[in-house]
Number of protein chains: 2
Amino acid sequence: MAGDSTRARILETAGEVFAERGFEAATIRDICEAAEVNLAAVNYYFGGKEALYEQALQRAHLRDVRDENPHVWDHGTPPEEKLRLSIRQLLAQLLSMSDDPWEARLMVREIMNPTPAGKRMLRDRFSKMFQELQETLDEILPPDMPDHRRHQIGFSIIGQCALYRSLAKVIPLMIDEAELQHYYGVEELAAHIAQVSLAALGLAPPLIGRASGQAAEKAKGGRPIVTHTEHRRILPSLPRKGTP
Amino acid sequence: MAGDSTRARILETAGEVFAERGFEAATIRDICEAAEVNLAAVNYYFGGKEALYEQALQRAHLRDVRDENPHVWDHGTPPEEKLRLSIRQLLAQLLSMSDDPWEARLMVREIMNPTPAGKRMLRDRFSKMFQELQETLDEILPPDMPDHRRHQIGFSIIGQCALYRSLAKVIPLMIDEAELQHYYGVEELAAHIAQVSLAALGLAPPLIGRASGQAAEKAKGGRPIVTHTEHRRILPSLPRKGTP
DNA sequence: ATTGACTTTAAACGCCCGTTTGATAGAATC
DNA sequence: GATTCTATCAAACGGGCGTTTAAAGTCAAT
């Protein structure tokens, strides 16, 4: 009776646990306990831990494809603005946190720490992310630029974003709490990365323009750019005890 | 008799294995077998796996500090050139491969995947890397630029470099073999990242200058910049079967 | 009420891990 | 030469893991 429900419950819980701890660190004992299901249920319904993980990945892949709004630009949005929005979306996805659905977090984890099981899906998903960025870039880059330069420029943008995920544990060791609070939200970082990238491309003033490095910031000086969406911390803050 | 020698042999082998597989995946059985030492020797000499790992980390830290040439610039080297060299060194370190000493590789692994045991050392080491880059940047950035902008610019450079490490498994899925071979060596990537960074700062022409995106490349068009040091592959190449 | 397929359960299996033990042999100390 | 310390060894311990098993429970169809 509850048979179908238990299967669903296992998958749901497993997705959560896998997204949080990764395939290896997650144990089916933890999953079954959290799902309030007998230990043997995973093998009964899925045939094993790895098969369960593949199911979770596949579901994450499907939901990710379904939910994603494929960038409906306002008609006539200038390419630089599209790039800004692409960067913001990419960064937000990479920095998805525990209040985001596990499907998104599992996807990012699979990109940053690939497992053999997810290789095929990884190729699909990541190449899609990459090509979307490249399409936006292609409206900016001159048509005679060779492919390898387009790719490297794309990687320079992705790299700037991915850093705040891959070094999320390390950055708080260097930056003090107050600075983290004020300048390391998704919006601030996205604005910075877009500014750097556009400046490099020649579509925005260079970072060290005339008087101050803030020359390229649009409006009232000094304050960071804060947009309409909510402000949230993206990096864990570790205890600071002064530099030893 | 061979007592001192076995201790050294264990540490050496353990460093190699830890650097290659990480703390968790490495087993003391593997280490002892590779070191041709009895299984109990690790506990006899070091007191446990974690203590052995800490010893390996500490040794990597010390040797790293000792070996590192603290950037003896030619007198009067322009700041842009210093930045280029800093980027190249950072990238080379992040992409250290199996023919590099395990100390360097273990250090990078600890930065990218921190363990609780290495937290203190991580703070020392990474903050040193970061501050060295910052010092180079400080010669370029205007003195009135606030700290948080300096840091973000530093992270933008580090991010571009770290990408080729953190996504080393994924990039070959997007880029075909030939392009990897020609354009993803340390020198080529360092040149690209320096060009992007300097262009963003306004110290080099933007990537899309006048006619072609190659405007900023110094000399003969089309060909990638290849310097004096040896050319080597930095990313694993996975089988390509055409885009499915 | 009985059947029979589906589901749930507690217990155990087999494996790998880090660690411990107790014996053995050699060197050092007296 | 007897004793103590040091180093090595094979073997086992205890725990966590994924997986398996066999019995018990559930429920609609007969």
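Just so it is clear: chains get the letters A, B, ... in the order the sequence lines come, proteins before strands, and each one is counted from 1. Any value given below was found using the heavy atoms of this structure, including those in side chains, with hydrogens, waters and symmetry copies removed.
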Looking at every strand, decide which applies to B:Ala26 at a 4.0 Å heavy-atom threshold: base, sugar-phosphate, or nothing. sugar-phosphate

Rounding to 0.5 Å, atoms CZ (A:Arg88) and CD (A:Gln93) come to a distance of 12.5 Å

The nucleotide from D:dC17, D:dA12, C:dC6 with an atom nearest the side chain of A:Tyr44 is C:dC6

Here the salt bridge (Lys or Arg N to Asp or Glu O under 4.0 Å) pairs for residues 36-61 of chain A, sequence neighbours left out, are A:Glu12-A:Arg59, A:Arg59-A:Glu103

In whole angstroms, the gap separating C1' of D:dT8 from CZ of B:Arg7 amounts to 16 Å

Taken to the nearest whole Å, CG/A:Asn43 to P/C:dA10 is 16 Å

Of D:dT19, D:dT8, C:dA10, the nucleotide closest to the side chain of A:Leu39 is D:dT19

To the nearest angstrom, the CZ-P distance between B:Phe46 and D:dA7 comes to 12 Å

Whole-Å distance, A:Asn38 CG to D:dA23 C1', equals 13 Å

Query raised in the report: When we call it a touch if two heavy atoms are under 4.0 Å apart, what does A:Ala40 touch: a base, just sugar-phosphate, or nothing?
Result: base

Between B:Thr27 and C:dC16, is there a side-chain N or O to OP1/OP2 distance below 4.0 Å? no

Among the nucleotides D:dC17, C:dT19, C:dT21, whichever has the atom closest to the side chain of B:Ile28 is C:dT19

Closest to the side chain of A:Lys49, out of D:dT8, C:dC17, D:dG18, is D:dG18

